[in-house]
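Here is the structure we will look at, set down as C-alpha cells.
Note that this is a predicted model, so its numbers are computed, not measured.
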Amino acid sequence: MGDVVCDVTVSLDGFCAGVNQSMQNPLGEGGESLHRWQFEQTDQNADEIAAITQASAFIMGRNMFGPPAGDINVDWDGWWGDNPPYHAPVFVLTHHHQPTLCLEGGTSFQFITRGIHEALEEAREAAGEQHVAIAGGAQTITQFLQAGLIDELRLHIAPIQLGHGEAITTEDIGLHMDRVSRRETPLVTHVTYQRRR
C-alpha cells in the first residue's frame, strides 16, 4: 500500500485561498499569486511540481472540483477543463451525489458522500500499491491532518500574506507530523513533514 501524501501552497499567514471565491475567481482574492512558483520558476521547482500529480488516486473537497452543487449548471464539468492534470481517479467529497464524470487523459471524478474514510478506502483501492494524494482544499486537508491519515505533507510557502481566507494551521500539522526537510527558492519555501511513527 502506498503512502497518503499532500501538496498544498499557503501564504506566510497560512491561507491556501483568499476570500470571496467565485466562478470568476476560484482561488479567491489574491489566491492566484500563491502559485507563481509553479509557473514562473518551473526549473527551480521542477521536482516539487512533478510530485504534485505523481499519485495514482486523488481526494479533494467539493470546492476544489467547483462551487457548491446548487451554484452551477448540472452540465458544468468543474474547474479543471476537458483534460485535468490528474490522469487518475479523483474522489470528490460532497453532500450532493452525482454520476461519475470521465474526462480526457484518464481523469474521472467520483463523488463520495460518506466522508473522508470512505473516500480514502475508495482511493486506496483505485491506487493499489501506489500513492494516494489529498489535493485540497483547506477543510479537506485539515480533516485528514486531524485524523492522522497523511503520511507526508509537502507544504509550499509563498512569500505573501493574504490576511483572510481558507487556512491550514500549524496546530493541525503538529498533531501527528514532524518536519523533515526545508528548501528555499525565490518564490517559495518547500517544507516537508512526515507522520510521526
Would you say [X] and [Y] make side-chain contact, with heavy atoms under 4.5 Å?
{"X": "Phe65", "Y": "Met60", "result": "yes"}
{"X": "Phe111", "Y": "Thr100", "result": "no"}
{"X": "His156", "Y": "Thr189", "result": "no"}
{"X": "Thr94", "Y": "Ile112", "result": "no"}
{"X": "Gln139", "Y": "Leu93", "result": "no"}
{"X": "Glu29", "Y": "Gln21", "result": "no"}
{"X": "Leu155", "Y": "Tyr193", "result": "yes"}
{"X": "Thr185", "Y": "Gln41", "result": "yes"}

Taking atom [atom1] of [X] as the centre, does the number of heavy atoms from other residues, nucleotides or ligands within less than 6.0 Å exceed 12?
{"X": "Arg179", "atom1": "CZ", "value": "no"}
{"X": "Glu40", "atom1": "CD", "value": "yes"}
{"X": "Glu125", "atom1": "CD", "value": "no"}

Working note: Arg62 + Val92, criterion side chain to side chain contact (heavy atoms under 4.5 Å, CB included); need CA distance, chi angles, decisive distance, verdict. CA-CA 6 Å; Arg62 184 62 177 75; Val92 180; 4.1 Å; yes
[X] [atom1] to [Y] [atom2] distance, which is reported to the nearest 0.5 Å:
{"X": "Ser108", "Y": "Phe91", "atom1": "OG", "atom2": "CZ", "answer": "6.5 Å"}
{"X": "Cys6", "Y": "Leu145", "atom1": "SG", "atom2": "CG", "answer": "6.5 Å"}
{"X": "Arg36", "Y": "Leu187", "atom1": "CZ", "atom2": "CG", "answer": "4.5 Å"}
{"X": "Ile141", "Y": "Gln146", "atom1": "CD1", "atom2": "CD", "answer": "12.0 Å"}
{"X": "Gln44", "Y": "Glu184", "atom1": "CD", "atom2": "CD", "answer": "12.5 Å"}
{"X": "Ile116", "Y": "Thr140", "atom1": "CD1", "atom2": "OG1", "answer": "9.0 Å"}

Could you check whether [Y] and [X], counting side-chain N and O atoms only, form a donor-acceptor pair closer than 3.5 Å?
{"X": "His190", "Y": "Asn45", "result": "yes"}
{"X": "His176", "Y": "Asp172", "result": "no"}
{"X": "Trp37", "Y": "Thr42", "result": "no"}

If you look at every heavy atom in [X] and [Y], which pair is closest and at what distance?
{"X": "Gln110", "Y": "Pro89", "result": "NE2-CB, 3.9 Å"}
{"X": "Ala88", "Y": "Phe58", "result": "CB-CE1, 3.9 Å"}
{"X": "Gln161", "Y": "Asp13", "result": "CA-OD1, 3.5 Å"}
{"X": "Cys16", "Y": "Val8", "result": "CB-CG2, 3.8 Å"}
{"X": "Glu104", "Y": "Pro84", "result": "O-CD, 4.0 Å"}
{"X": "Gly30", "Y": "Ser33", "result": "O-OG, 2.6 Å"}

According to a hydrophobic-cluster definition based on side-chain heavy atoms being under 4.5 Å apart (Ile, Leu, Val, Met, Phe, Trp, Tyr only), do [X] and [Y] belong together?
{"X": "Ile134", "Y": "Val10", "result": "yes"}
{"X": "Met177", "Y": "Leu149", "result": "yes"}
{"X": "Ile49", "Y": "Tyr86", "result": "no"}
{"X": "Leu153", "Y": "Leu34", "result": "no"}
{"X": "Ile168", "Y": "Ile157", "result": "yes"}

Which residues pass the side-chain contact (heavy atoms from CB on, under 4.5 Å) test with Ala127, not counting sequence neighbours? Ser56, Ala57, Val132
Is there a side chain to side chain contact (heavy atoms under 4.5 Å, CB included) between Leu27 and His35? Walk through the geometry before answering. CA-CA 10 Å; Leu27 292 175; His35 299 278; 3.7 Å; yes
Counting N and O atoms only, with roles assigned by atom type, does the side chain of [X] sit under 3.5 Å from a partner on the main chain of [Y], one being a donor and the other an acceptor?
{"X": "Asn63", "Y": "Gly137", "answer": "no"}
{"X": "Thr107", "Y": "Leu103", "answer": "no"}
{"X": "Asn20", "Y": "Gly28", "answer": "no"}

Salt bridge present between Arg124 and Glu122 (N-O < 4.0 angstrom): no
Which is it for Glu152 and Thr192 under the side chain to side chain contact (heavy atoms under 4.5 Å, CB included) test, yes or no, and what are the steps along the way? CA-CA 7 Å; Glu152 182 169 288; Thr192 300; 3.8 Å; yes
Quick one, Val5 with Arg154, criterion side chain to side chain contact (heavy atoms under 4.5 Å, CB included). Give me CA distance, side-chain angles, the key distance, then yes/no. CA-CA 8 Å; Val5 301; Arg154 299 183 290 245; 3.7 Å; yes
Quickly, which of Arg197, Arg196, Arg195 forms a salt bridge (charged side-chain N to carboxylate O under 4.0 Å, His left out) with Asp178? Name it, please. Arg196
